[in-house]
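This one's a predicted model, so the numbers in the text were calculated from it and none came from an experiment. The chains referred to below are lettered A, B, ... by the order of the sequence lines, with proteins before strands, and numbering in each begins at 1.
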2 protein chains.
Amino acid sequence: MTAAGKHQVSRAQTRGNRQGRAGIRDVAAAAGVSITTVSDALNGKGRLPDATRQHVREVADRLGYRPSAAARTLRTGKSGLIGLTVTTYGNEPFTFTEFAYFAEMARAATSAALDRGYALVILPATSRHDVWSNVALDGTVVIDPSDQDPVVSELVRQGLPVVSDGRPAGSLPVTAWVDNDHEAAVLGILDHLAAAGARRIGLLTGTTTDTYTRLSTTAYLRWCRRIGQDPVYEEYPAHDPCAGAVAADRLLARPDRPDAVYGLFDPNGTDLLAAARRYGLRVPEDLLLVCCSESTVYATTEPPITTLSLKPRRIGTAVVQLLIDAIESVETTGPIEQVIPTELIVRTSSQRRPPRRTVSPPRPSGQG
Amino acid sequence: MTAAGKHQVSRAQTRGNRQGRAGIRDVAAAAGVSITTVSDALNGKGRLPDATRQHVREVADRLGYRPSAAARTLRTGKSGLIGLTVTTYGNEPFTFTEFAYFAEMARAATSAALDRGYALVILPATSRHDVWSNVALDGTVVIDPSDQDPVVSELVRQGLPVVSDGRPAGSLPVTAWVDNDHEAAVLGILDHLAAAGARRIGLLTGTTTDTYTRLSTTAYLRWCRRIGQDPVYEEYPAHDPCAGAVAADRLLARPDRPDAVYGLFDPNGTDLLAAARRYGLRVPEDLLLVCCSESTVYATTEPPITTLSLKPRRIGTAVVQLLIDAIESVETTGPIEQVIPTELIVRTSSQRRPPRRTVSPPRPSGQG
DNA sequence: ATGAAAGCGCTAACAC
DNA sequence: GTGTTAGCGCTTTCAT
């Protein structure tokens with residue numbers, strides 16, 4: 001035994017604490033130093049000689065010591081946890097409507113958070129206190145918050161920073177937001193279709209009132225008014241995949257059938273393609289097609305379909321950066337409102353003169 | 001003022017505590033009771049008169065009191081947090097390879113956890129202590145853990161329950177696991193294809209060594225041996241979408257070209273379909289196709305493709321139930337190892353006599 | 001039926 | 001440089 005005896009006596013010497021797991025006191029005792037020294041050594045604080053630091057680290061390692069996250073959180077007021085919430089449609093607690101979009105966005109957000117030492121907690125958009133208040137959050141990311149979102153209000157009232165994916169409707173007091181310029185995106189697509197020869201462009205849109213749907217639809221209507229085209233659109237509840245197929249069918253069954261369609265939601269491309277086949281319409285010869293999607297399947301459909309990407313990875317990353325900057329009160333480099341450009345991936349379905357499509361010979365396999 | 005004065009004096013009466021947020025002491029003072037009474041009243045414990053309980057609740061509400069999750073966690077040793085980890089491939093921190101599968105599974109898991117008062121924390125499969133040990137977990141769900149997974153070992157050593165999606169390879173000491181019977185699923189598909197007239201069935205598989213890929217591939221090889229067919233398969237790194245398209249092409253370019261293919265990964269269906277078109281092969285007349293996928297796009301491809309569903313929602317739910325049972329030491333009703341049946345969704349691509357496909361008249365739209 | 005007091009394990013301020 | 005001390009906000013005996 002070293003000089004351990006001179007330090008404060010605790011349970012640690014009598015008995016291990018929590019179920020045999022070593023606590024900071026056990027480490028201190030075993031290393032023959034005080035708990036402060038242990039804390040400082042392990043956290044790289046204080047001005048300890050490297051020898052001490054090293055020694056403490058070794059002892060901690062040997063004992064398999066892991067600091068208690070709960071205690072640290074209580075003491076410092078920071079948990080390193082960020083909430084992630086998705087607006088729900090209907091009764092399902094989690095309707096990740098735009099599947100690929102959400103998955104990509106969440107993936108990027110998770111990575112970005114991790115890089116800065118934070119982890120993401122998935123939470124429901126309902127304000128069930130018993131869940132939200134049971135987890136210590138440093139801040140929250142809200143995807144597509146509804147107008148007057150109760151969750152957001154509550155969080156803000158608690159003094160927590162909130163950053164939203166999608167510009168907040170009304171006067172929702174978010175700390176910052178990131179979004180695309182949906183109106184510009186729609187106008188761009190309509191122009192693209194018109195340039196490809198479309199005379200009457202239809203829209204497949206949603207019945208929900210979220211900002212994305214609303215902005216996109218009004219942009220479409222405005223474009224129609226400007227161009228002098230009668231709007232041709234069908235609405236359906238975006239969270240219901242079957243309804244999408246039906247709506248696509250309805251759109252192409254109309255007497256004023258459009259010769260080009262833009263679909264706002266991910267599955268619209270395949271649904272419209274299927275509907276077009278049913279009516280014997282060739283794409284792109286009889287019908288031009290574009291849809292908003294992050295899915296890669298549209299690269300290999302017959303024909304490949306032009307898609308609009310909302311760049312979910314960039315959005316997820318940006319949202320998290322803004323939030324953590326707010327949490328840590330770092331000067332955010334950019335503006336508090338960030339607009340991420342969209343990307344139109346042009347494929348055969350929206351080009352009147354499709355690229356040469358011949359049966360290509362088997363390519364020399366690069367790998368085997 | 002009521003009898004508040006007789007209770008313990010604290011900062012609470014001098015100053016609000018954390019940035020004006022009410023603490024339990026503030027509530028106690030305002031309600032004229034002790035903090036014990038507040039705690040009991042709010043948590044439904046003790047034997048308090050309903051009047052007191054009600055009164056305390058009102059005061060707490062009025063003050064906007066929210067208990068501190070950190071303090072509760074420290075005191076009780078339970079955080080209500082469950083870790084969710086996905087094995088990573090390559091260098092990316094999060095390669096949710098089977099997109100739809102993961103999204104569905106995570107969604108179900110999140111819901112199931114929420115129903116029981118828990119929330120999910122997304123964590124990386126790397127054993128970076130600085131993240132894992134910074135969050136107080138009650139247990140962890142591990143998706144497809146690798147053999148000798150260091151994360152799992154570490155967690156188990158800490159005494160935390162770990163439940164895995166996918167049976168653990170080797171002697172990984174998980175608390176419980178849930179999985180499909182992948183071998184039976186593959187054999188079922190091969191029989192299905194053979195019954196549809198396939199003479200030579202090919203496999204599109206992965207180069208990774210995870211359990212799913214391994215079991216499925218060996219089942220295929222065993223089936224071939226039993227039937228007396230030469231194996232015809234191509235491998236590729238499953239996390240790389242481009243490699244999948246190339247591998248599909250390679251498979252159909254072989255001199256011993258198969259007349260039926262099963263693809264183990266989600267995008268294989270569209271990739272194989274595209275490759276078949278390039279070689280002028282009609283599906284299902286010249287080539288039968290099945291792939292493992294949770295995606296709904298295969299219902300509307302031309303032709304619709306038969307898919308195997310691994311039932312990720314059932315798996316996600318089961319995993320979480322088992323884990324929470326373990327956390328709460330509830331007697332788990334079922335076995336500690338649960339096998340979830342798969343479902344073969346038969347569509348045109350795997351039937352020699354495809355269902356009648358005529359141009360259907362516009363159906364009467366049910367909604368408008 | 002209700003209250004006082006003792007910590008949960010850690011960090012930070014301040015002695016020495 | 002290193003140790004002592006005072007809590008972070010709550011739950012939980014135990015005493016009244």
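- An OP1 or OP2 oxygen of D/dC10 is reached within less than 4.0 angstrom by no side-chain nitrogen or oxygen of B/Thr76.
- One can place CZ of B/Arg75 at 8 Å from C1' of D/dC10, the figure rounded to the nearest angstrom.
- Rounded to an integer number of Å, the gap from A/Asp138 CG to D/dC8 P is 19 Å.
- At whole-Å resolution of the value, CG in A/Asp40 and P in C/dA13 are 11 Å apart.
- For the pair B/Pro49 and B/Ala71, nearest-nucleotide mapping onto DNA chain C gives the more 5' position to B/Pro49.
- Under the 3.5 Å distance criterion, the side-chain polar atoms of B/Ser164 are left unmatched by any main-chain donor or acceptor of B/Val142.
- Looking at heavy-atom distances under 4.0 Å, B/Asn43 makes contact with sugar-phosphate atoms alone, never a base.
- Nucleic acid contact class of A/Thr73 (heavy atoms, under 4.0 Å, all strands): none.
- Between the OG1 atom in A/Thr76 and the CG atom in A/Asp138 there is a gap of 8.0 Å [rounded to 0.5 Å].
- For the pair A/Leu74 CG and D/dA6 P, the interatomic distance rounds to 18 Å; values are reported in whole Å.
- Between the side chain of A/Thr36 and the base of D/dT4 there is at least one donor-acceptor pair of N/O atoms closer than 3.5 Å.
- Each of B/Ile315, B/Val319, B/Leu84 was evaluated against B/Ile143; a single residue qualifies, B/Leu84, per the side chain to side chain contact (heavy atoms under 4.5 Å, CB included) test.
- Backbone-only engagement by B/Arg72 is indicated by non-hydrogen atom pairs under 4.0 Å involving sugar-phosphate atoms exclusively.
- In this entry the distance linking CD1 of A/Ile24 with P of C/dG9 reads 11 Å, nearest Å.
- Side-chain atoms of A/Thr37 and A/Ser34 form a donor-acceptor pair, as typed in the model, at a separation below 3.5 Å.
- Side-chain nitrogen and oxygen atoms of B/Ser34 include at least one within less than 4.0 Å of the OP1 or OP2 phosphate oxygen of C/dG3.
- For the pair A/Val135 and A/Leu123, the minimum side-chain heavy-atom distance is below 4.5 Å.
- The CG atom of A/Leu42 sits 12 Å away from the C1' atom of C/dC10 (whole-angstrom rounding).
- Rounded to whole Å, the distance from CD on A/Gln158 to C1' on D/dG9 is 15 Å.
- For the OP1/OP2 pair of D/dC10 and a distance below 4.0 Å, the side-chain nitrogens and oxygens of B/Ser39 include no atom meeting the criterion.
- Closest approach to the B/Val33 side chain among C/dT2, C/dG3, C/dG9 is made by C/dG3 (side chain taken as heavy atoms from C-beta onward).
- Between the CD1 atom of A/Ile35 and the P atom of D/dT2 there is a distance of 16 Å, rounded to whole Å.
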